[in-house]
Amino acid sequence: MKKRIFVVAAVIISSYTYAQDSTVKTLDEVIISANKTLQKQSTTGKVVTVIDQSVLQRNAGKTISEIINFQSGIFVNGANSVIGANQDFYFRGAGTGNVLVLIDGIPVGDPSQINNSFDLNSINPSSIERIEILKGAQSTLWGSDAVAGVINIITKKKSASKINPSVVLSYGSYKTFRSVVGLSGKLNRLSYNLNFNHTNTSGFSAAQDTSGNKDFDKDGFRQTNLQATIGYQFTSAFSISSLISAGRYKTDIDAGAFKDDKDYISENKNSIYAIDAAFTSSRLNLHFINSLIRSGRELTDDSGSIGGFATYANGFYNGQHFVSEFFGNYFFSDKISLLAGVQGNWHKTDQGYKSLSSFGPFETALGDSAKANNTAAYTSLVIKNNSGFTMDIGLRFNHHSIYGNNSTYTFNPSFSIDENTRVFASISSAFKTPSLYQLYSEYGNRTLNPEETANYEAGLQVFSNNKRNSFRIVGFKRAIKNLITFYTNPSTYTSQYINRDEQNDYGFEMESTIAIGKKGNWVNNITYVDGEGKEDQQKEKNFYRRPNFTFNSVLTIEPFIGFMLVPSFRFVGTRLKGPYDAGEPQMPSYYTIDLYGSYNFSKRIKVFLDLRNITNQTYFDITGYNNRKFNFITGIGFNF
């Protein structure tokens, strides 16, 4: 394993020296996630990756999870299973629920989930302008759940023309059909973007049929989503923008690993309503943002088709999350700026479950009295000097309606050795509040404290003179205490959520982007991560379902104008199976090879073909659940 890591690392490092004088697109992207203010990617001391519009277009037909899965430090368990499957996001080895999802800078956690995580199945990439990924403990600016990182999804806002309609139609394996219709533009001071998409696929069986003759049914997926963003520029300094997103999807699910179920259905819905009033001047930026996120899912199993004891089961899970935030950034000079803000989060959930069996009816409920709120104040001071030194110091004070108070900090110095080379370090903390289920359910515990994290990282980032080539290496360590654990008393057999365990993870990431003349670029990344837990003062090797080693390589080539080829390679190393998963203790490594091609007949018409897993590998992220073998999707796009 070590030899393999060093060989891949050598490829990444040596490849950076190639094509220093290329003229392809600059990497010095504008970002907002790092400090809630506009800045160049090369000037921040934080670890930020931007997935821009060109990358999203080259991944037409993929889900957000599939696209993110190619980034360093990230492993999405379930990204390559059936569309609509549950997905676990592991950022730098942290357990699921430890990454905060934002949409246009707004937290969108789902209070109806056990770990408060947001279902990215409900967002279609066609409505996204770019995705910003910020790694490390980020709770000081962003709040709960930003333990290992933040995913900020920036939606499309407008186009340069007054009216710009667009249509994308695609079809592929498993009878997958997608249609996207968009309309965007700018009329004087009014800007708008409307986006409607529909996906329908027959899918394949999520559960693995080891015998091949049990007649497992296909698990399909049907989704519609409508998104609208509207903005109005009242003056050169004052503007208001709004976002409305409403979608639902219906998916077939199976009973478990190796277990088919022909009438088990999950119906999911999600809506987001947000408004942002912004004031911008040469020295002061102010934002007042209010948002309401509603989510719900209903799971229905009409019969005991797999031989279970229940002849009927139904569960519903609704969540509501309201966020109100006011923050501003004041620039005393080009060397000193101060960010300060206040934020309120109100969470509520309503859940119920009932079933019928030969033992009689069973019913349980978690009423809408399950609610909690957080209020917080935060600040961040950024200081620069002429020698290239930058210091980012931040504090956050948080008050929770049930457990009380906690605080976090950020200390992030960085130094520019020259205009192309920067070293950086960070010592920061984060927290994750108990979910409403952990507080209010039959296993709930109102005395729970938040999980608390200390994060340490240091790294080096180098750009070429034209900012079109880059190399970054980061080492990190994370320690979590007061881990919330589901505990069963061995004497009484009663179960409850408690604070007990600890978790310590560490690793490194290397990334490079190399321009290849005027023809394209080559992106590589490698991640190594490991960790262990401490349960009841006993160390435990618990790095379940997470690979120690991953490697991704994407080559983008434009042999001639209008024609693009994108071969990609992904390697996932061995990993421990989950504690209750079937199979051998260690799951084998695997690799996949994809090939994307597109041709622009004109500025208005584009066709594409995406071939995935072209070597037809058989692999499993969870034993007993299928992943996609060779599959494809092809389509055509019109931009009128």
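Y497 has its ring centre less than 6.0 Å from the ring centre of F486.
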* Start with the C-alpha gap between T433 and N374, add the side-chain angles, then the distance that decides, and say whether side chain to side chain contact (heavy atoms under 4.5 Å, CB included) holds. => CA-CA 9 Å; T433 62; N374 300 296; 4.0 Å; yes
* Would N77 and Q87 count as a side-chain hydrogen bond (donor to acceptor under 3.5 Å, both in side chains) if you check the C-alpha gap in whole Å, the side-chain angles of each, and the deciding distance to 0.1 Å? -> CA-CA 6 Å; N77 198 314; Q87 296 165 4; over 6 Å; no
* ring pair (Phe, Tyr, Trp, His ring centres under 6.0 Å) between F411 and Y409: does it pass, once the steps are laid out? -> CA-CA 7 Å; F411 177 68; Y409 62 87; 9.0 Å; no
* Between D276 and H287, is a side-chain hydrogen bond (donor to acceptor under 3.5 Å, both in side chains) present by the stated rule, with each step listed? -> CA-CA 7 Å; D276 177 11; H287 286 269; 3.1 Å; yes
* Yes or no on side chain to side chain contact (heavy atoms under 4.5 Å, CB included) for V76 and Y90, after CA distance, side-chain angles and deciding distance? -> CA-CA 6 Å; V76 185; Y90 299 117; over 6 Å; no
* Stepwise, does the salt bridge (charged side-chain N to carboxylate O under 4.0 Å, His left out) test hold for E509 with K135? -> CA-CA 11 Å; E509 305 165 354; K135 298 174 188 173; 3.4 Å; yes
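The pair E457-K46 does not count as a salt bridge, with every side-chain nitrogen at least 4.0 angstrom from each carboxylate oxygen. Between E502 and K481 there is no salt bridge, since none of the side-chain N atoms of the basic residue sits less than 4.0 Å from a carboxylate O of the acidic one. With respect to D505 and R478, a salt bridge is recorded, a charged nitrogen being found less than 4.0 Å from a carboxylate O. No salt bridge links E267 with K269; every basic N to acidic carboxylate O contact stays at or beyond 4.0 Å.
Across all non-hydrogen atoms, the minimal contact from N197 to S126 is ND2-OG, 3.7 Å.
Judged by distance alone, the side chain of N412 and the main-chain N or O of G45 form a donor-acceptor pair under 3.5 Å. Put simply, the side chain of Y440 gets close to the backbone of K371: a donor and an acceptor are under 3.5 Å apart. In terms of modelled atom types and a separation under 3.5 Å, the side chain of K432 and the main chain of G97 share a donor-acceptor contact. Listed for the T527 side chain is no donor-acceptor partner under 3.5 Å among the backbone atoms of T550. Listed for the N124 side chain is no donor-acceptor partner under 3.5 Å among the backbone atoms of S127. Proximity of a side-chain donor or acceptor of S416 to a complementary backbone N or O of E419 within less than 3.5 Å is not detected. In this structure a side-chain-to-backbone donor-acceptor pair under 3.5 Å is present from N115 to S117. A donor-acceptor distance shorter than 3.5 angstrom exists from the side chain of S401 to the backbone of N373, with no hydrogens or angles considered. No side-chain donor-acceptor contact under 3.5 Å links D145 to the backbone of G109. Looking at K62, its side chain never comes within 3.5 Å of a backbone N or O of P125 through a donor-acceptor pair.
Between F288 and F326, the ring planes are perpendicular. Angles over 60° get that label, and only those under 30° would be called parallel.
There is a side-chain donor-acceptor pair under 3.5 Å between D501 and T485. A donor-acceptor pair shorter than 3.5 Å can be found between the side chains of S266 and N268. With 3.5 Å as the limit, one finds a donor-acceptor pair spanning the side chains of Y378 and E325. When only modelled atom types and interatomic distance are considered, Q343 and N345 share a side-chain donor-acceptor pair under 3.5 Å. Judged purely by distance below 3.5 Å, without hydrogens or angles, the side chains of R396 and T408 never pair a donor atom with an acceptor atom. No side-chain donor from either of T49 and Q71 sits under 3.5 Å from a side-chain acceptor of the other. Between the side chains of N318 and D350, no donor-acceptor pair is found at a separation under 3.5 Å. At a cut-off of 3.5 Å, with distance as the only test, no side-chain donor of R297 or Q351 sits close to an acceptor on the other residue. A donor-acceptor contact closer than 3.5 angstrom is absent between the side chains of H400 and N406. Looking only at atom types and distance, the side chain of K335 has a donor-acceptor partner in the side chain of N386 under 3.5 Å away. Between the side chains of N290 and S324, at least one donor-acceptor pair of N or O atoms lies under 3.5 Å.
For the pair N225 and S245, the minimum side-chain heavy-atom distance is below 4.5 Å. In this structure the side chain of I272 reaches within 4.5 angstrom of the side chain of V108, judged on heavy atoms. Two residues are said to be in side-chain contact when any heavy atoms from C-beta on lie closer than 4.5 Å; R422 and F415 fail this criterion. For the pair S65 and F89, the minimum side-chain heavy-atom distance is below 4.5 Å. Counting heavy atoms from C-beta on, the side chains of Y249 and F221 come closer than 4.5 Å. Within the 4.5 Å cutoff, the side chain of S291 has heavy atoms near those of the I293 side chain. L120 places none of its side-chain heavy atoms less than 4.5 Å from the side chain of T63. M391 has its side chain within reach of I393: a pair of non-hydrogen atoms, C-beta onward, lies under 4.5 Å apart.
Atom CZ of R294 is surrounded by 12 or fewer heavy atoms from other residues, nucleotides or ligands within 6.0 Å. The environment of CD1 in I163 is sparse: at most 12 heavy-atom neighbours from other residues, nucleotides or ligands sit within 6.0 Å. Under a cut-off of 6.0 angstrom, the local environment of CG in N445 is crowded, with over 12 non-hydrogen atoms contributed by other residues, nucleotides or ligands. Annotation: N188, atom CG; neighbour count of heavy atoms from other residues, nucleotides and ligands within 6.0 Å does not exceed 12.
Exactly one residue among E129, K156, K157 makes a side chain to side chain contact (heavy atoms under 4.5 Å, CB included) with T229. That residue is K157. In summary, of the residues considered (S380, S428, S414), a side-chain hydrogen bond (donor to acceptor under 3.5 Å, both in side chains) with D392 occurs for S380 alone.
A cation-pi geometry, defined here as NZ or CZ lying under 6.0 Å from the six-membered ring centre and within 45° of its normal, holds between R92 and F476. Within the cation-pi definition used here (under 6.0 Å to the ring centroid, within 45° of the axis), K186 does not qualify as a partner of Y192. A cation-pi contact, defined as under 6.0 Å to the ring centre and within 45° of the axis, is absent between R283 and F331.
From T155, atom OG1 reaches atom CG of N195 across 10.0 Å, with rounding to the nearest 0.5 Å. Interatomic distance, L448 CG to N482 CG, rounded to the nearest 0.5 Å: 9.5 Å. From Y353, atom OH reaches atom CG of L366 across 15.5 Å, with rounding to the nearest 0.5 Å. The distance from the CD atom of Q233 to the OG atom of S191 is 8.0 Å, given to the nearest 0.5 Å. Here the CG-CD1 distance, from L338 to I383, works out to 10.0 Å after rounding to the nearest 0.5 Å. Remark: L226 CG to I244 CD1 distance equals 8.5 Å, nearest 0.5 Å.
For A430, the side-chain contact (heavy atoms from CB on, under 4.5 Å) partners two or more places apart in sequence, or in a different chain, are A137, S139, V147, T453.
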